[in-house]
There are 2 protein chains.
Amino acid sequence: MNDCRVFMILKELALMGSMNRYTMIHTSELGKRVGMSQQSASRWISIMEKRGLIEKEKYGRNIRVKITSLGRVYLKKAHFDFTMIFGDSRRVELRGEVMKGLGEGRYYIMKEGYRKQIEEKLFFEPFPGTLNVRVYPNYRKRVKEIREGEFISLDGFEENGRKFGRVRAYFATLNSYPAALIVPEMSQYRDVVEIISDVKLRDKFDLKDGSEVLLVIYL
Amino acid sequence: MNDCRVFMILKELALMGSMNRYTMIHTSELGKRVGMSQQSASRWISIMEKRGLIEKEKYGRNIRVKITSLGRVYLKKAHFDFTMIFGDSRRVELRGEVMKGLGEGRYYIMKEGYRKQIEEKLFFEPFPGTLNVRVYPNYRKRVKEIREGEFISLDGFEENGRKFGRVRAYFATLNSYPAALIVPEMSQYRDVVEIISDVKLRDKFDLKDGSEVLLVIYL
DNA sequence: ATTACTAACGTTCGAGTAT
DNA sequence: TATACTCGAACGTTAGTAA
């Protein structure tokens, strides 16, 4: 069955915002996001339109697409499957304020040993730097809860005789934008957490030191 | 990318229980479930083993597989994607007791007009019959909540001049087993709900009239 | 009964390119 | 700029069958 192609692209379109409204897309960008050529992405868009999973319309030289109710049902089913697999998984909210970093985050993120695992296990290319968030006191016991929850393990490694320890990662959102929380297993701090993402979060949300942010961690 | 094949099969294996333990599988059954031949399923299992997503071991003439932590991460990512798409979707619990049906459910389910849509939009072949559940009084206001929530629409149709109305469907579980709740749009009853599934639920859970069941509806 | 190899067959891919 | 067509090459599929 080639249904899986259709699912993959449908999911990507949903993530690009085509769920409830017509969204302008570029077949080359879509192709890049799902790992195929512009030509293939274009072809699949046509196939999916014929199958009634999306609506497509020309928009000047571009196209706009919108997921149909049938397409939505396809996605819903997959979502249901994952709910069956993982149960009703926990979500933990944290609030805190942005803190000046020490530039260390950038140093670590750039290490090939971590970078590679971030791409492999968190599925994004990290912006080279971390956002440090000081969690407000009344949320700090939740940090402990997170540490004890299910995590994604980024293995430690050695480089030029220097050891880099194992790091725990968690899928998360910062102000609703997809990101990840990373916690070195050796770290002591319980009130400061580090966030990585595929963009510079400081710029995306115009964050200054002291800005309040909302984190949601998905265990 | 053929990653989507891997995802699809990994999800299926997870649904078959390979997430946390070695599970005996049959490549022919797996193939049927994902819509490919026994030979292809066998080949993909080998590929996924090489890629470190599952562990495989011979078990007599059969094989046993177990999803690795890397495989789990793949699934987790997809689950996270769906959480981004649908937000933290609601789940509603109902409790009630099994009720004698009037044989009507069977009559409706067997109508090609509904059957086809069940396979297309709910993704299972329905057992020909419905399980009627009388919801306990203190759960009845939740039935209203469900009716007003997001539903999957099974369109009405006409057959030999007789009209069959539109039906609302919801993904659900009965005693944790995947099923669907169906509600004819015209129906009056608010205290009795009808459940369909791919198996005879009465037999699966050895239900008699009056047996208590737990329903979870995923809106 | 299984799983899994081989070989012939289809499908899908993407470079080139028209629009 | 875009999207989307053609077509030869690459890849995935399955029937047959060995183990």
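Reminder, nothing fancy here: chain letters follow the sequence lines and each chain counts from 1. What you see is a predicted model; the values in this text were computed from it and never measured.
A parallel orientation is assigned to the rings of B:F82 and A:H79, their planes being inclined by less than 30° (bins at 30° and 60°). Using bins of under 30°, 30° to 60° and over 60° for the plane-to-plane angle, the ring pair A:F151/A:Y170 lands in the perpendicular bin.
One interatomic measurement links the two molecules: CZ of A:R64 to P of D:dA2, which rounds to 18 Å at whole-angstrom precision. Protein atom CD of B:E29 is 16 Å distant from nucleotide atom P of C:dA4, rounded to whole Å. One interatomic measurement links the two molecules: CD1 of A:I47 to C1' of C:dC13, which rounds to 11 Å at whole-angstrom precision. Atoms CD (B:E49) and C1' (C:dT3) sit 13 Å apart, rounded to a whole Å. Taking atom CD1 on B:I45 and atom C1' on D:dT13, their separation rounds to 16 Å, with Å as the unit. Counting to the nearest Å, the C1' atom of D:dT14 and the NZ atom of B:K32 are 16 Å from each other. At whole-Å resolution of the value, CG in B:N62 and P in C:dA4 are 10 Å apart. Following rounding to the nearest Å, B:M36 (CE) and C:dT3 (P) show an atom-to-atom distance of 15 Å.
Look at A:K58 and you'll find a side-chain N or O under 4.0 angstrom from OP1 or OP2 of D:dA4. For A:R5, a side-chain nitrogen or oxygen approaches OP1 or OP2 of C:dC13 to under 4.0 Å. OP1 and OP2 of C:dT12 both lie 4.0 Å or more from every side-chain N or O belonging to A:S40. Distances shorter than 4.0 Å separate some side-chain N or O of A:K56 from OP1 or OP2 on D:dA4. Proximity of B:R43 to the phosphate of D:dT13: a side-chain N or O atom is located under 4.0 Å from OP1 or OP2.
Of the candidates C:dG16, D:dT14, C:dC13, D:dT14 carries the atom nearest the B:Q39 side chain, counting heavy atoms from C-beta on. Distance from the side chain of B:S42 is smallest to C:dA4 among C:dT2, C:dA4, C:dC13. Relative to the side chain of A:Q38, the nucleotides C:dG14, D:dG12, D:dT3 differ in distance, and D:dT3 lies closest. For B:R61, whose side chain is taken as the heavy atoms from C-beta onward, the closest listed nucleotide among C:dT2, C:dC13, D:dA4 is C:dT2.
Mapped onto DNA chain D by nearest heavy atom, A:H26 and B:W44 fall at different nucleotides, with A:H26 at the one closer to the 5' end.
Using a 4.0 Å heavy-atom criterion, one finds that A:T27 contacts the sugar-phosphate atoms exclusively. Looking at heavy-atom distances under 4.0 Å, B:I25 makes contact with sugar-phosphate atoms alone, never a base.
Counting only distance, with no hydrogens or angles, the side chain of B:S153 and the backbone of B:R168 share no donor-acceptor pair below 3.5 Å. Of the possible polar contacts, none joining the B:S42 side chain to the B:T27 backbone as a donor-acceptor pair under 3.5 Å is found.
In this structure, B:K208 pairs ionically with B:D206, as a charged nitrogen and a carboxylate oxygen lie closer than 4.0 Å.
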